[in-house]
Amino acid sequence: MIIVKNISDLNNIISNQSSKTSNIGLVPTMGSLHDGHLALIRDANKKCDIVWVSIFVNPTQFNDLNDYNSYPNELENDIKKIRTISSKIYVFYPSVSEIYNNGVSSEKFNFNDLDKVLEGKHRPGHFNGVATIVKKLFKTIKPLKVFFGEKDFQQTIIVREIINSYFPKITLITCPTIRNNYGLALSSRNKLISKKALNNSGIIFETLLFVKNNFVKTSYKQLKKSVKQKIEDISTFKLDYFEIRESETLNPYDENNKKKSYRAFICVKVEGIRLIDNLLIN
Ligand code: PAF
């Protein structure tokens, strides 16, 4: 497996690869890989001639220093997992200074307020940070296809905007959320909660299923009340937000028009760790 740590090596390899094929796939990650990432990498491996996985815990997308510092980092394990798919996959594993030189700051983007709701509202600046690193990766790796998980649904919408604005030739491929036996959406942050909380964590997806099953016959106000009750019935779980929005545009839910395609979004703080999930509900 080839692990590349600096941009000049990356540029050399990419210019060589681009002369042979344009079908380069990129799976951007922050490492600590789980089966959700591996599903993306497997899909990329099927659909592309060359696959790059980037592993970079991007400081500009964290608005909470504790969250950044406690983010799991396990390169060796990650490499082992990638190797189970193919040893021909390329890994880009840069340092913070390699990516940001001396200025760790985000570019400012205009996403027409798509970045101001849901995660963006609760993590100010988060999507400018995500977009900054995603744009840098797309620019240097020059992928034809990029792979993102639906667990971070709002992120896929932001990536679609970046592609439309700067990289119209790139195809965005999204993969369904992978869940553990409890129904909890896989996330690197799941490692940070206790076994007891993990045992209870199925309630997050159960609650989304409850919303899906009761969406047509129940008012938004009542759904919100039930969601809060169900989640906070567990003493260490706190609802950060629950919202229903139009799936494509993230526009607010219009209760008078249940025919549009709606998605429920939830964020629960479990022992202080933010866990997010979402589900198409009609
Ligand atoms: O989804 C993630 O892991 C990150 O937000 C990403 C896309 C790798 C950018 O740092």
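Order of listing sets the numbers, starting from 1, for every ligand and every atom in it.
- For the pair Lys230 and Phe210, the distance from NZ or CZ to the six-membered ring centre is under 6.0 Å and the angle to the ring normal is within 45 degrees.
- In this structure, Lys145 contributes its side chain and Lys47 its backbone to a donor-acceptor pair below 3.5 Å.
- Using a distance-only test at 3.5 Å, with no hydrogens or angles considered, no donor-acceptor pair links the side chain of Asn45 to the main chain of Val51.
- Set against the non-hydrogen atoms of Ile133, the atoms of ligand 1 under 4.0 Å away are 9 (C), 10 (O).
- Closest non-hydrogen pair, Ser247 versus Leu280, comes out as OG-CD1, 3.6 Å.
- Heavy-atom proximity to Phe148, at under 4.0 Å, picks out these atoms of ligand 1: 7 (C).
- Close contacts between ligand 1 and Gln155 involve ligand atoms 1 (O), 2 (C), 4 (C), 5 (O), 7 (C) [criterion: under 4.0 Å to a heavy atom].
- Atom numbering of ligand 1 starts at 1 in the shown order; those under 4.0 Å from a heavy atom of Met30 are 3 (O), 4 (C), 8 (C), 10 (O).
- Under 4.0 Å is where a charged nitrogen must lie from a carboxylate oxygen, and between Arg274 and Asp64 no such pair does.
- In the vicinity of Pro28, heavy-atom distances shorter than 4.0 Å reach the ligand 1 atoms 8 (C).
- Near Thr29, meaning under 4.0 Å from any of its heavy atoms, are these atoms of ligand 1: 8 (C).
- Atom 4 (C) of ligand 1 has its closest protein heavy atom at Gln61 NE2, 3.6 Å.
- Atom OH in Tyr100 sits 3.5 Å away from atom CG in Asn58 (nearest 0.5 Å).
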